[in-house]
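Here is the structure we will look at, set down as structure tokens.
Chain naming here is simple, since letters A, B, ... match the order of the sequence lines and numbering starts at 1 in each. As the structure is a prediction and not an experimental result, all values here were calculated from the model.
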Amino acid sequence: MEKYLSQLNDAQLEPTIQVDGPMIIIAGAGSGKTRVLTYRIAYLMHKGVDSFSILALTFTNKAAREMKERIAQIVGESEAKNLWMGTFHSVFARILRVEGHHLGFPSNFTIYDTQDSQKLLGSIIKEMNLDKDLYKTKQVYSRISSYKNSLITVKAYFNNAELMEADAMARRPQMGNIYKAYVDRCFKAGAMDFDDLLLRTNELLTRFPTVLAKYQDKFRYILVDEYQDTNHSQYLIVRALADRFQNICVVGDDAQSIYAFRGANINNILNFQRDYDNVKLYRLEQNYRSTKNIVGAANSVIDHNQTKLDKVVWTANEEGPKVKVHRSLTDGDEGRYVASTIWETKMNQQLNNSDFAILYRTNAQSRAMEDALRKRNIPYRIYGGLSFYQRKEIKDVLSYLRLILNPSDEEALKRIINYPARGIGQTTIDRLVVAANGLGKTIWEILKEIDTVQVNINNGTKNKLRDFVTLIESYQVMNQTATAFELAEHVVKSSGLMREFNKDGTPEGVTRLENVEELLNGVKDFVEGQQELADAKGDLAEFLEDVALATDLDNEKGDDDVVALMTIHLAKGLEFNNVFVVGLEEDLFPSAMSMNTRSELEEERRLFYVALTRAEKQAYLTYALSRYRWGKLVDSEPSRFIEEIDDQFIENITPKEERRINPMLSADIFGDVEPNKVRFKKPIQPKFKKKEKKAPEKFTPSTPKNLKKVDALGKNDVPSTNLFDGNLAVGNIVSHMRFGKGEVLKIEGKGTDTKAEIKFEVAGVKKLLLRFAKLDVIG
DNA sequence: AAAGGACACCTTTTT
DNA sequence: GGTGTCCTTT
């Protein structure tokens with residue numbers, strides 16, 4: 001027997017060496033399911049299964065990559081790299097590149113991300129003259145997404161009286177027509193959205209039996225990880241592919257199903273045994289990750305759910321410290337508590353930053369944590385949120401690259417046809433769209449025929465359009481020979497993007513430039529990485545595909561020693577020595593939007609279960625009595641989930657005297673920074689803005705900037721513009737309407753961004769924008 | 001057509 | 001608190 005198998009316990013070994021037939025592994029949190037999957041694949045290969053015929057579908061690219069590396073260590077690099085392993089989306093995108101032509105898609109189809117899709121829907125709704133308040137793009141998008149995930153095509157939609165009535169009842173009778181227009185436009189643009197990658201795969205396998213047979217024959221052994229989070233579309237793909245050989249192994253944990261909002265159907269795992277004959281069922285119930293207290297706490301919570309499979313997770317690990325529960329006054333305090341605890345624990349136990357994770361329900365909660373960590377100089381990294389590739393400047397560059405590859409890509413074209421500004425305005429673009437829709441052509445085709453096509457655009461503008469076409473075509477020529485990196489660099493420099501990002505010189509502009517630089521480095525790394533692989537070309541197409549399906553978790557650079565901040569969703573599958581689950585408050589976690597039905601609430605509870613079970617040694621649960629939400633201070637109650645934990649596993653550690661903060665370690669020596677921040681920003685800014693509106697006729701036409709200055713500085717007759725010109729000096733004593741008397745400590749920035757750091761007698765040290773601050777120099 | 005301010009909406013979670 | 005979109009001004 002292969003020696004790696006000796007590393008498995010009996011429960012793990014059985015499913016690992018079961019080669020043929022359908023099987024389901026119900027794997028509790030931390031029970032070693034990745035290990036089983038990895039070894040099972042290695043075992044299959046040792047038993048003579050061709051590595052080309054194994055398909056392993058994972059939930060993240062990262063999981064796939066790590067598993068592949070581990071398998072490579074056992075069976076060797078050259079064999080491991082033949083495995084088909086990746087997310088549903090990436091594997092089937094790859095197949096659609098080859099087979100998409102059956103459905104009329106070019107092999108270089110674009111993958112639209114959520115932003116692209118929603119923008120397209122926005123234009124469609126506008127073009128159809130519909131009420132945008134009734135047809136909100138986000139809602140329309142998620143509606144269409146759920147149709148697609150349920151395999152309801154446009155045709156099926158119009159055959160489904162019930163659905164149409166539901167939409168009509170929701171005062172959206174045009175949903176079907178929007179859906180149709182959206183699908184048509186994507187098709188015309190040679191684009192697929194995320195859901196299409198699954199839906200079109202289903203279409204391919206259903207309509208083309210020879211294609212189905214080809215892949216059934218190819219993928220003789222199929223493994224699916226995180227099966228509890230598959231949606232209907234994914235479920236059908238797996239069933240179709242596994243139908244011939246029935247060598248299907250699914251792994252999952254119903255207690256960790258947390259993606260219902262995007263169509264995941266927990267019944268796929270609950271009913272797996274009905275879908276195939278002679279299904280072998282295995283259970284992994286021993287947790288190797290966490291202490292007894294953590295496992296006990298997690299179990300006691302999940303017991304409150306009605307819908308679940310029989311399973312008892314237990315551990316032989318040490319008892320460990322109890323789960324700690326901490327209450328704060330505000331979210332700011334919560335952040336400071338977390339930061340100081342990390343700081344102390346790190347010192348006391350000689351731990352690394354990477355031994356800590358802060359998990360939250362919503363991305364917006366990261367800010368309070370960031371502020372606190374920064375003040376303590378604790379390095380951290382935020383995962384998720386606005387991903388790198390979603391940033392404006394990055395999407396701008398990528399849009400150029402996308403257009404080079406697929407000029408039909410309407411969203412990319414609309415984004416950059418006038419960016420940087422080339423005098424092609426909205427009116428022109430609208431006319432192009434109308435012409436394109438009328439003739440059933442793409443905008444690019446219209447542009448190419450601009451001389452002959454009937455369109456109401458004047459000659460000057462036509463010249464600009466021709467220049468744009470020439471520019472893109474020159475890039476296309478370059479793409480024939482250059483690497484993705486050479487091309488991307490050339491595009492950034494020659495398109496005027498670089499100049500655009502460079503021109504303002506603001507801190508934001510500098511950040512933009514840095515991001516673009518990082519993107520270019522990313523392209524370079526990618527090209528070099530791909531060139532080492534024999535079967536990859538490292539060309540633009542491969543890079544863009546990689547980018548379209550990359551998640552933030554995949555962009556891990558090195559193994560920096562940082563505290564990890566992320567949503568609980570993103571944390572699934574990960575583990576950390578110490579875990580802080582923050583913001584455990586009613587309406588936040590569980591979310592106010594998920595408490596209407598039992599099933600929604602149960603999903604929130606599973607999410608909490610996932611959060612708790614990320615911890616190996618110590619879990620902290622924190623909540624605040626009030627929290628800033630949408631810029632407002634809102635009272636909150638502790639989450640019901642805390643109540644649901646059996647008392648024996650938790651310990652309340654809220655100090656009696658909550659406000660004892662060591663002044664040396666806290667930046668807000670003069671009191672709580674948070675309320676002041678709001679009081680300072682809110683009233684002053686609007687006052688100034690309102691005044692400006694009334695002001696203009698009083699003054700002779702001068703530059704608006706002068707108006708601002710005089711206005712902003714208020715009533716005193718001293719030309720307060722002085723403060724801008726540097727006449728406010730360090731050491732000056734000033735008076736402020738709200739903060740009173742203070743001394744200027746420091747002046748930084750210039751122009752309208754000039755800021756002064758002022759130490760007020762009562763209010764403490766504040767940094768004020770001179771443009772807004774009403775200051776009188778009194779000494 | 002470009003630029004800048006006002007305003008609305010936002011927040012669940014993501015491939 | 002931040003972003004995206006609308007509206008106004010030049």
Review point. Do the side-chain N or O atoms of A:T60 get closer than 4.0 angstrom to the phosphate oxygens (OP1, OP2) of B:dT15?
Key: no

Study note, to complete from the structure: Separation of B:dT14 atom P from A:Q115 atom CD, nearest Å, is 15 Å

Review point. Atom CD1 of A:I568 and atom C1' of B:dT14: how far apart are they, to the nearest Å?
Key: 14 Å

Review point. So, is A:S591 near the phosphate of B:dT11, with a side-chain N or O under 4.0 Å from OP1 or OP2?
Key: no

Check your understanding: Toward the 5' end of DNA chain B, which comes first, A:T362 or A:I424, by nearest nucleotide?
Key -> A:I424

Check your understanding: Should A:N418 be listed as having a side-chain N or O under 4.0 Å from OP1 or OP2 of B:dA2?
Key -> yes

Check your understanding: Of the nucleotides B:dT14, B:dT15, B:dC10, which one has an atom closest to the side chain of A:K136?
Key -> B:dC10

Check your understanding: Please give, in whole Å, the distance from C:dG4 P to A:K395 NZ?
Key -> 11 Å

Point to revise | Separation of atom CD in A:Q118 from atom C1' in C:dT3, rounded to whole Å | key: 13 Å

**Study point:** Donor-acceptor pair, side chain of A:S639 and main chain of A:F589, under 3.5 angstrom
**Key:** yes

Exercise for review: Rounded off to whole Å, could you give me the CZ-to-P distance for the A:R627 and C:dG1 pair?
Suggested key: 15 Å

Exercise for review: Tell me whether A:F261 is stacked on the nucleobase of B:dT13, counting only the six-membered base ring and applying the 5.5 Å and 30° thresholds.
Suggested key: yes

Revision key, fill the gap. The residue, A:E603 or A:D133, whose nearest nucleotide of DNA chain B is more 5′ is A:D133

Point to revise | A:L601 CG - B:dT13 C1' separation (whole Å) | key: 15 Å

Study note, to complete from the structure: Here the distance between atom P of C:dG2 and atom OH of A:Y628, to the nearest Å, is 14 Å

Check your understanding: Is a salt bridge present between A:D116 and A:K395, judged by a nitrogen-to-oxygen distance below 4.0 Å?
Key -> yes

Review point. Going by distance alone, is a donor N or O of one side chain under 3.5 Å from an acceptor N or O of the other, for A:S117 and A:Y182?
Key: yes

Review point. At under 4.0 Å between heavy atoms, what does A:Y259 touch on the DNA or RNA strands: base, sugar-phosphate, or nothing?
Key: sugar-phosphate

Check your understanding: Quantified in whole Å, what is the P atom distance between nucleotide C:dG4 and nucleotide B:dT13?
Key -> 15 Å

**Study point:** Per A:R262 side chain, nearest of listed nucleotides C:dG1, B:dT13, B:dT15
**Key:** B:dT15

Point to revise | Electrostatic pair A:D396-A:K392, nearest N-O below 4.0 angstrom | key: yes

Check your understanding: Of the candidate nucleotides B:dT13, B:dT15, B:dA1, which contains the atom at the shortest distance from the side chain of A:H569?
Key -> B:dT13

Check your understanding: When all nucleic acid strands are considered with a 4.0 Å heavy-atom cut-off, which category describes A:R367: base, sugar-phosphate, or nothing?
Key -> sugar-phosphate

Review point. With no hydrogens and no angle check, do the side chains of A:T428 and A:K464 hold a donor and an acceptor under 3.5 Å apart?
Key: no

Check your understanding: Across all strands, who's sitting opposite B:dT13 as a Watson-Crick or G-U wobble pair, both distances under 3.5 Å?
Key -> none

Check your understanding: If we ignore angles and hydrogens, is there a donor and acceptor under 3.5 Å between the side chains of A:Y609 and A:R605?
Key -> no

Practice item. Select base, sugar-phosphate, or nothing to describe what A:T114 touches, counting heavy atoms under 4.0 Å on all strands. Key: base

Point to revise | Touch class at under 4.0 angstrom, heavy-atom based, for A:S594 against every strand present | key: base

Review point. Are OP1 or OP2 of B:dT14 and a side-chain N or O of A:N363 less than 4.0 angstrom apart?
Key: yes

Exercise for review: Quickly work out the A:K392 NZ to C:dG2 P distance and round it to whole Å.
Suggested key: 18 Å

